[in-house]
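Remarks on the structure that follows.
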There are 2 protein chains.
Amino acid sequence: MNVVKLSTVALERDKIVETALRLLDEVGLEKLTLRRLAAELGVQAPALYWHFKNKQELLDEMTEVIAVQKGPRLGPLAEGESWEAWLAEWVKEQRRVLNSHRDSARLTAGTHPGEGMLATVEMILGSLTRVGFDVVDAMWGVTALSSFLGGFVLEEQADRERGVGDWSQFQEAVEILAPYPHLCEAMIRIGGPQSEGAFEHGLTLILEGMRARLAASSGRQEGHGDLEVEGDRPAAG
Amino acid sequence: MNVVKLSTVALERDKIVETALRLLDEVGLEKLTLRRLAAELGVQAPALYWHFKNKQELLDEMTEVIAVQKGPRLGPLAEGESWEAWLAEWVKEQRRVLNSHRDSARLTAGTHPGEGMLATVEMILGSLTRVGFDVVDAMWGVTALSSFLGGFVLEEQADRERGVGDWSQFQEAVEILAPYPHLCEAMIRIGGPQSEGAFEHGLTLILEGMRARLAASSGRQEGHGDLEVEGDRPAAG
DNA sequence: GGAGTCTCCTTAACGTCGTTAAATAGAACG
DNA sequence: CGTTCTATTTAACGACGTTAAGGAGACTCC
């Protein structure tokens, strides 16, 4: 009895979250309203409070579904596989998953990592230490990648929401950028503020930094105190 | 006449924005309400619509004030100065400025860069090209730094808002992390998910990547196609 | 110096939101 | 049959952003 009833409720919850995610893609986070969601389910708004404590709990579950239910595809680093390519693939997959739902970055922003994400990070740390990383360096690398990912997708989706990328606003952008020659040249040569290239390149930068860090720390016994940025390079040029 | 009246309005706008920023620090973004702000100014809510088209315009102006009015301290890269240290200082200053106001990251997230920010970026691009960067690489570097900064501070402030960092929740965190040995070790050796070290280190990674990119591109005539991550390392095993 | 204009604010209200309280239809159970 | 539990409805509350209409006070101009 207990089992049957609980599973019924769970199924209902899943159905609600699923509908909410579909609705999110249709109308965006701003207009994702309990009343609207309820209507979509053929129900009155307060009915949702039987299944969820409040709206935040629904949103939390939505982020968990986005983050975990999709894309746990990454297996541990294979013997002899390039950790750079492997890590890059993970980050790109994360971006792909985030971009598979409208406003997902704003939705996810500031949510605690769920079980699935913790397990993934644990596996990454294991793999990276196996190729020689200090576990702290590995953790900080993952943190950097994750911050970059979050920040990038956030701006990317915000631009999309504003309709940037439409050529209608391109002319306007050119006028604004006119007084800034370098910026202007860069924009023209790139083709938009948030191109694929910007993501790939930023990702590469961090991985390159991690590679340098790995080399420096495995070169000496305890890899610490090498790559400091603050004033350790004598000014040259 | 015209001048006097316009400046009066401008002063009022400034006073409103200033009060709004103070109120933001007091009550947080969620409870920053037009009615509350108006009350703080000794005025009724609709009065604000004389000075601002809508709430978003007020928020936009708040972000512009945060981003520009504070911390335009960075001058162009001096002759012989280390560009790494110089850039690092800028990013750290940006973080300091963001963290000087509650919820500033969420406020800023998805706002178009204002005039001041454009000018700053232009100056950075100028300085970086002067030390040998291709303008596109410089732009992508700045983009990466900015995404990292935004993502990091967003999580950082979200944690703060949730009261993470309180030792009350530390025990709980330990229990959650128990099944993940690497994660656990990393956390213990770091001392929290969002430490100063994580920021400094992530920043260093990106700068290190930029340094490598600079070296690679100045080594050949046209620096392109060197640091690709996708599949250039043969997967084996 | 009175009429008109402009600035800045008020009062009143609208529609929507998240959320709560209370009542209720229907199934499950003794 | 009566009770209990599940899942929902109806009604309402307070707060939000926003709009409409008007009014008090200063400034301008003939």
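Lettering of chains follows the sequences in order, A, B, ..., and the numbering in each one begins at 1. Bear in mind the structure is a predicted one, so any value in this text is a computation, not a measurement.
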For the pair made of [atom1] in [X] and [atom2] in [N], what is the distance, rounded to whole Å?
X: A:Tyr49; N: C:dA22; atom1: OH; atom2: P; value: 17 Å
X: A:Trp50; N: D:dT9; atom1: CH2; atom2: P; value: 14 Å
X: A:Leu41; N: D:dA7; atom1: CG; atom2: C1'; value: 13 Å
X: B:Lys53; N: D:dG17; atom1: NZ; atom2: C1'; value: 14 Å
X: A:Asn54; N: C:dT20; atom1: CG; atom2: P; value: 8 Å
X: B:Leu48; N: D:dT19; atom1: CG; atom2: C1'; value: 14 Å
X: B:Leu37; N: D:dC16; atom1: CG; atom2: C1'; value: 14 Å
X: A:Leu59; N: C:dG18; atom1: CG; atom2: P; value: 9 Å

Out of [options], which has the shortest distance to the side chain of [X]?
X: A:Lys55; options: C:dT10, C:dG18, D:dT9; answer: C:dG18
X: A:Ala45; options: C:dT19, D:dT9, D:dA20; answer: C:dT19
X: A:Arg35; options: C:dC9, C:dT19, D:dT10; answer: C:dT19
X: A:Leu34; options: C:dG18, C:dT10, D:dT10; answer: C:dG18

Kindly say if B:His51 contacts the phosphate of C:dT7, meaning a side-chain N or O under 4.0 Å from OP1 or OP2.
no
A:Thr33 side-chain N/O to C:dG18 phosphate OP1/OP2 under 4.0 Å
yes
Is the shortest side-chain N to carboxylate O distance from [X] to [Y] below 4.0 Å?
X: A:Glu40; Y: A:Arg36; result: no
X: A:Glu200; Y: A:Lys92; result: yes
X: A:Arg22; Y: A:Glu18; result: no

Within 45° cone of A:Phe152 ring axis and under 6.0 Å: A:Arg95 NZ or CZ:
no
Sole candidate of A:Ile124, A:Thr129, A:Leu125 that passes side-chain contact (heavy atoms from CB on, under 4.5 Å) when paired with A:Met139
A:Leu125
